[in-house]
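Okay, structure first, notes after.
When reading the values below, keep in mind they use all heavy atoms of this one structure, side chains included, and skip hydrogens, waters and symmetry mates. Proteins come first, then strands; the chains are lettered A, B, ... in the order of their sequence lines, and each starts at number 1.
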Amino acid sequence: MRFSIALIPTLKEAPVEAHTVSHRLMLRAGLIRPLGSGIYTWLPVGLKILRKVEAIVRQEMDAAGAQEVLMPAVQPAELWRESGRWDFYGKELLRIRDRHDREFCFGPTHEEVITDLARRELKSYRQLPVNFYQIQTKFRDEIRPRFGIMRGREFLMKDAYSFDMDAEGLEVTYRAMHAAYTRIFKRCGLSFRPVEADTGSIGGSSSHEFHVLASSGEDVIASCTQCDYAANLEKATSAMPTASDSDPGNSATMRLVSTPGKKSIEEVSAFLNLPQSHLVKGLVVEAGGRAHLLLLRGDHELNLVKATNALGLGTVQIPEPGRIAELTGGLPVGYVGPVGTSLPILADRALEQLTSFACGANQPDHHFTDAAWERDLPKPAFADLRNVQPDDPCPRCATGRLRLDRGIEVGHIFKLGDKYAKALAVSVLDPDGQERTPIMGCYGIGVSRVVAAAIEQNHDDNGIIWPVALAPFEVEILLANPNDPLSVQTAETLYAGLTAMGITALLDDRDDRLGVKFKDADLIGCPLRVVAGGRALKEGKVELQIRRGGDPMQVPVSEALVTIREKLAAHALMEQS
RNA sequence: CGGGGUGUGGCGCAGUCUGGUAGCGCAUCGGCUUUGGGUGCCGAGGGCCGGAGGUUCGAAUCCUCUCGCCCCGACCA
C-alpha cells in the first residue's frame with residue numbers, strides 16, 4: 001500500500017474522551033473512527049489487522065474440525081421467546097420492529113439460531129459430533145460502552161456451537177476447542193493465559209476464559225507460581241491457610257467496648273490496636289427477598305459471585321446505605337456483628353480458624369473484643385466467600401502461591417449442556433433408535449477485542465508495536481527523500497521485491513520530511529522499518545529497525561530483501577514462543 | 001438507570017462569570033524554505049458556537065426544554 005494515496009489519517013492528538021491506550025492509539029494511528037457511542041468504522045489499515053486475526057481464527061477453527069456458517073444478524077423474537085431469553089436478556093438486547101410491526105432483535109449471540117438450525121437438520125447420531133462457527137458482527141446494547149473497541153456495542157465475534165451425543169463427547173470437543181484457542185492466541189503473538197471461570201448466568205458445568213495479559217485489563221486473574229492452576233478472581237480459591245497464620249490464640253473473655261464514630265475496619269483496627277485480620281466484618285446483603293449477614297475477616301474482601309453461589313438464592317445484592325439501616329433496625333453502618341443478631345449468618349471459611357476476634361456489637365458506637373465461636377455465639381455456616389489475595393496458598397498444589405495479574409478477556413469457552421437443545425426441542429436418534437437430546441458447547445472469541453487487547457499489551461510512548469502475525473503490514477518502507485531519483489528507485493525496488501516475496505509492505509512515499517514519516521511509522525507500529533535514502537544510501541545501504549527495539553542496522557541494498565525476510569521470520573518465531 | 005461533567009471549523013482548546021455579532025494551535029489548500037525525528041515564514045479556505053424555544057435593541061454568553069458525548073457507580077461474553 002502506498003501511503004500517499006491511502007486513507008491513513010494519523011492524528012497528533014486524540015480526542016479528549018479517549019483515555020484508554022488502545023482507544024487513543026487506534027484513533028491516532030488512523031485505524032478506526034467513531035460513528036456513535038460504542039460503534040466504529042474500521043479504516044483500511046485497521047481492517048487489515050482485523051482480517052489478520054480473523055484469518056488465524058478461521059484457520060485454527062477449520063483445523064479443529066469446525067465448519068464455518070454465517071447466521072443472520074437480525075433474529076425473530078419468536079425464537080428468543082422459545083428459549084425464554086426474550087424477557088430474560090434485558091435491555092442489552094437491541095429490539096427492532098419491521099414494517100409489519102413484528103418483533104426482532106439484532107443478535108448479541110446465536111444460541112437460538114444455531115439450535116433452531118440443529119433441530120431442523122440434525123436427525124441422527126451419525127451426524128454428530130458437529131461444531132459450527134461464524135465470524136460475525138454482534139450488537140449488545142451495553143449500559144455504558146467504553147474503552148473504544150475494547151467494549152463497544154457493535155463488535156466482531158467468532159462464535160462456535162458444538163453438538164455431541166453425550167458428556168464424554170462434549171469433553172473431547174471442549175478440549176479440542178481449548179487447544180485450538182491456545183494455538184490461536186499463540187499464533188497471534190500474544191501473552192495470554194487460560195483460566196477457569198465461573199459459569200455465571202449462562203449456566204453449564206465448565207468454563208474457561210482466555211485472557212490477554214495487560215496491566216490495563218479490566219479483569220483480575222489468579223495463577224499459581226508453581227503449577228498450572230489459574231482462575232479468574234470470581235472463581236479463584238485458595239488452600240486454607242494454616243491456623244497460626246492469623247489466629248491471635250487469645251482466651252480472654254468477651255468484652256463490650258466503646259468505639260465512638262469508628263466505623264471502618266481501618267478505624268476500628270487502629271482504635272483497638274488490633275491487626276485487621278483479628279477483626280470480623282459483617283456485611284448486610286439481600287438475596288432471595290431477605291437480608292443476610294455475611295462475615296469476613298477484616299483484611300478480606302467479599303466475592304459477590306461466590307456469595308451468590310453459596311447462598312443459592314439468586315443474585316446477592318449489596319443494599320444502598322440507607323437501606324442497610326432499615327434491614328438492621330436502625331443500626332448505623334459499621335456496627336453490625338454476628339453476636340445476638342437476628343439475621344441468618346454465612347461466614348467465610350477463613351473465620352472458622354479464628355479462636356477469638358473483634359466484631360460489631362449491633363449497637364451504635366460499640367464493638368466486642370475477644371469473641372469466640374461456641375463460647376460467645378454459635379458457629380455459623382461457613383463457605384468460601386472472599387477474593388483470593390496475592391501469596392495465598394495454591395488450592396491445587398502443595399507448594400505454590402497465588403499471584404494476581406490483570407487480563408483482558410478475549411475468549412470464553414463453555415459447556416452449555418442441554419439447556420437450549422431442550423428448550424428448542426432438538427433431538428437425534430441414537431444407535432438404538434431412541435430420541436436423545438444433544439449436549440452443546442459454545443465457544444467465543446472477541447475478534448475486534450483481540451485487536452485492542454494486542455495494543456494494550458504491545459505499545460510504547462510513541463505508538464503501537466504490532467506482533468508480526470497481526471501487523472497490518474510486516475514492513476514499512478520510508479522513502480527518505482522523494483525528490484532524489486536514487487532514493488525513489490531504491491524504495492520502489494524494495495517495495496516491488498517485498499511484494500513479490502509475499503511480504504506485505506507500506507511504502508511511505510509522501511512528499512514529507514523524514515521526521516514526519518518516522519513519527520507515523522512509530523505510531524502505526526509495523527514490526528520492521530526500512531529507511532530508503534538519506535545517509536545510509538550514500539554508502540549503498542538501507543537502514544533496518546525492529547519496531548520493538550534494538551539498534552538499527554545497515555545492510556547493502558542488494559542484501560536488503562533477504563535480510564528483511566530473515567529478520568521477520570526470526571522475530572515472528574520469537575513472538576510466538 | 002443514579003451521580004458528575006461537557007458540547008465553539010476535522011482535532012486540541014480560549015471566549016460564557018461581567019451580552020455588543022467568534023479567536024488560537026494543529027490539520028487542510030497555495031507559495032517560498034527545509035530535507036534523518038511532527039522544519040520555518042507568508043497567504044488562503046473552512047464555524048447558523050449541539051438543537052428548539054424564550055428574555056433583550058442585541059445572545060456562543062442569561063433562562064427553559066431537549067439531544068449527543070465523556071467520567072464514576074450498579075450491570076455485563
Side-chain angles (χ1 to χ4, degrees), chain A residues 9-20 23-24 27-28 30 33-39 89-93 107-111 138-148 150-153 155-160 197-204 207-211 218-219 232 234 304-305 315-322 408-414 416 442-450 461-463 478-484 487 508 510-523 529-538 542-543 545 552 554:
Chain A
T10 58
L11 262 23
K12 274 189 191 174
E13 297 170 294
V16 267
E17 58 264 24
H19 297 285
T20 314
H23 192 190
R24 296 181 65 85
L27 290 166
R28 287 193 54 210
R33 284 294 180 263
L35 182 62
S37 178
I39 50 182
Y89 212 91
K91 293 204 164 187
E92 207 173 301
L93 187 63
T109 178
H110 281 70
E111 280 84 6
K138 305 277 198 244
F139 193 96
R140 294 184 191 173
D141 199 356
E142 294 261 357
I143 298 170
R144 182 150 84 88
R146 56 187 131 172
F147 309 141
M150 192 88 81
R151 191 185 268 292
R153 293 195 293 174
F155 57 100
L156 193 66
M157 181 171 177
K158 187 283 302 178
D159 49 329
D198 188 79
T199 47
S201 55
I202 292 196
S207 171
H208 285 82
E209 292 170 350
F210 286 75
H211 286 263
E218 279 193 275
D219 300 315
N232 69 18
E234 291 178 349
L304 261 185
V305 173
T315 309
V316 169
Q317 296 195 320
I318 297 177
E320 302 288 313
I408 299 163
E409 184 190 349
V410 288
H412 201 158
I413 59 180
F414 269 105
L416 267 185
C442 74
Y443 318 92
I445 290 180
V447 174
S448 45
R449 183 183 279 186
V450 167
D461 291 345
N462 297 315
L478 306 192
L479 172 52
N481 185 352
N483 301 314
D484 170 39
S487 297
D508 193 343
R510 292 176 297 175
D511 187 12
D512 260 310
R513 295 172 57 92
L514 228 206
V516 174
K517 299 184 182 185
F518 278 134
K519 289 289 185 192
D520 276 347
D522 286 348
L523 192 54
R529 187 187 76 197
V530 182
V531 179
R535 55 192 179 215
L537 192 59
K538 292 195 178 82
V542 292
E543 179 187 285
Q545 165 85 59
Q554 305 212 333

Task: Per A:Arg146 side chain, nearest of listed nucleotides B:C76, B:G73, B:G36 - done: B:G73

Task: Out of B:C71, B:C13, B:G38, whichever nucleotide has its closest atom nearest the side chain of A:Leu523 - done: B:G38

Task: Strand partner of B:U61, provided both Watson-Crick or wobble distances fall under 3.5 Å - done: none

- [ ] Name the closest nucleotide to the A:Val531 side chain, picking from B:G36, B:U39, B:A77.
- [x] B:G36

Task: Partners meeting side chain to side chain donor-acceptor pair (under 3.5 Å) with A:Ser487 (sequence neighbours left out) - done: A:Asp484

- [ ] Just name whichever nucleotide pairs with B:G73, Watson-Crick or G-U, keeping both distances under 3.5 Å, else none.
- [x] B:C1

Task: Counterpart residues, side chain to side chain donor-acceptor pair (under 3.5 Å), relative to A:Glu218 (two or more places apart) - done: A:Arg151

TODO: Just jot down the ring pair (Phe, Tyr, Trp, His ring centres under 6.0 Å) partners of A:Tyr89, sequence neighbours excluded, or say none.
DONE: A:Trp80

Open item on the list: Using a 4.0 Å heavy-atom cut-off, does A:Asp522 contact any base of the nucleic acid, only the sugar-phosphate backbone, or nothing at all?
Closed with: base

TODO: With a 3.5 angstrom cut-off on both distances, give the Watson-Crick or G-U wobble partner of B:G23, or none if there isn't one.
DONE: B:C13

Open item on the list: Please determine whether any donor N or O and acceptor N or O are separated by less than 3.5 Å between the side chain of A:Arg529 and the base of B:G37.
Closed with: yes

Pairs under 3.5 angstrom, nitrogen or oxygen only, protein versus nucleotides 40-46 of chain B, please.
none

Open item on the list: Both A:Arg153 and A:Glu543 contact RNA chain B. Taking the nearest nucleotide for each, which residue is further toward the 5' end?
Closed with: A:Glu543

Open item on the list: So A:Phe155, base contact, sugar-phosphate only, or nothing? Heavy-atom distance under 4.0 Å.
Closed with: base

Task: 5'-most by nearest nucleotide on RNA chain B - A:Asp520 or A:Glu92 - done: A:Asp520

Task: Spacing of A:Leu156 atom CG relative to B:A77 atom C1', expressed in whole Å - done: 14 Å

Task: Any strand: nucleotide that pairs with B:U6 via Watson-Crick or wobble, under 3.5 Å - done: B:G68

Task: Touch class at under 4.0 angstrom, heavy-atom based, for A:Gly533 against every strand present - done: base

Open item on the list: In whole Å, I'd like the distance from the CZ atom of A:Arg510 to the P atom of B:G36.
Closed with: 16 Å

TODO: Check every strand shown and say whether A:Gly534 touches a base, only sugar-phosphate, or nothing at a heavy-atom separation below 4.0 Å.
DONE: base

TODO: Ignoring backbone atoms, establish whether A:Ser37 has a side-chain N or O less than 4.0 Å from OP1 or OP2 of B:C70.
DONE: yes

Task: Residue A:Pro15, side-chain heavy atoms: nucleotide from B:C11, B:G38, B:G36 that is nearest - done: B:C11

TODO: Scan every strand shown for a Watson-Crick or G-U wobble partner of B:G38, both distances under 3.5 Å, and answer none if you come up empty.
DONE: none

- [ ] Just jot down the side-chain contact (heavy atoms from CB on, under 4.5 Å) partners of A:Leu11, sequence neighbours excluded, or say none.
- [x] A:Arg28, A:Arg33

TODO: Applying side chain to side chain donor-acceptor pair (under 3.5 Å), name anything that partners A:Lys158, two or more places apart in sequence or on another chain.
DONE: A:Tyr181

Task: Test side chain to side chain donor-acceptor pair (under 3.5 Å) applied to A:Asp512 - qualifying residues, sequence neighbours left out - done: none

TODO: List the protein contact pattern of nucleotides 22-34 of chain B with one symbol per nucleotide (5' to 3'): B for base contact, S for sugar-phosphate-only contact, - for none; contact means a heavy-atom distance under 4.0 Å.
DONE: ---BSS------B

Task: A:His208 ring center near A:Phe210 ring center (under 6.0 Å) - done: no

- [ ] Just do the side chain to side chain contact (heavy atoms under 4.5 Å, CB included) check on A:Phe139 and A:Arg153 with the steps written out, would you?
- [x] CA-CA 5 Å; A:Phe139 193 96; A:Arg153 293 195 293 174; 3.8 Å; yes

Open item on the list: Over all strands shown, is A:Ala536 touching base, sugar-phosphate only, or nothing at heavy-atom distances under 4.0 angstrom?
Closed with: base

Task: pair A:Lys138-A:Asp159: side-chain heavy atoms closer than 4.5 Å - done: yes

- [ ] With sequence neighbours left out, write down each residue that passes ring pair (Phe, Tyr, Trp, His ring centres under 6.0 Å) with A:His110, or none if nothing qualifies.
- [x] none

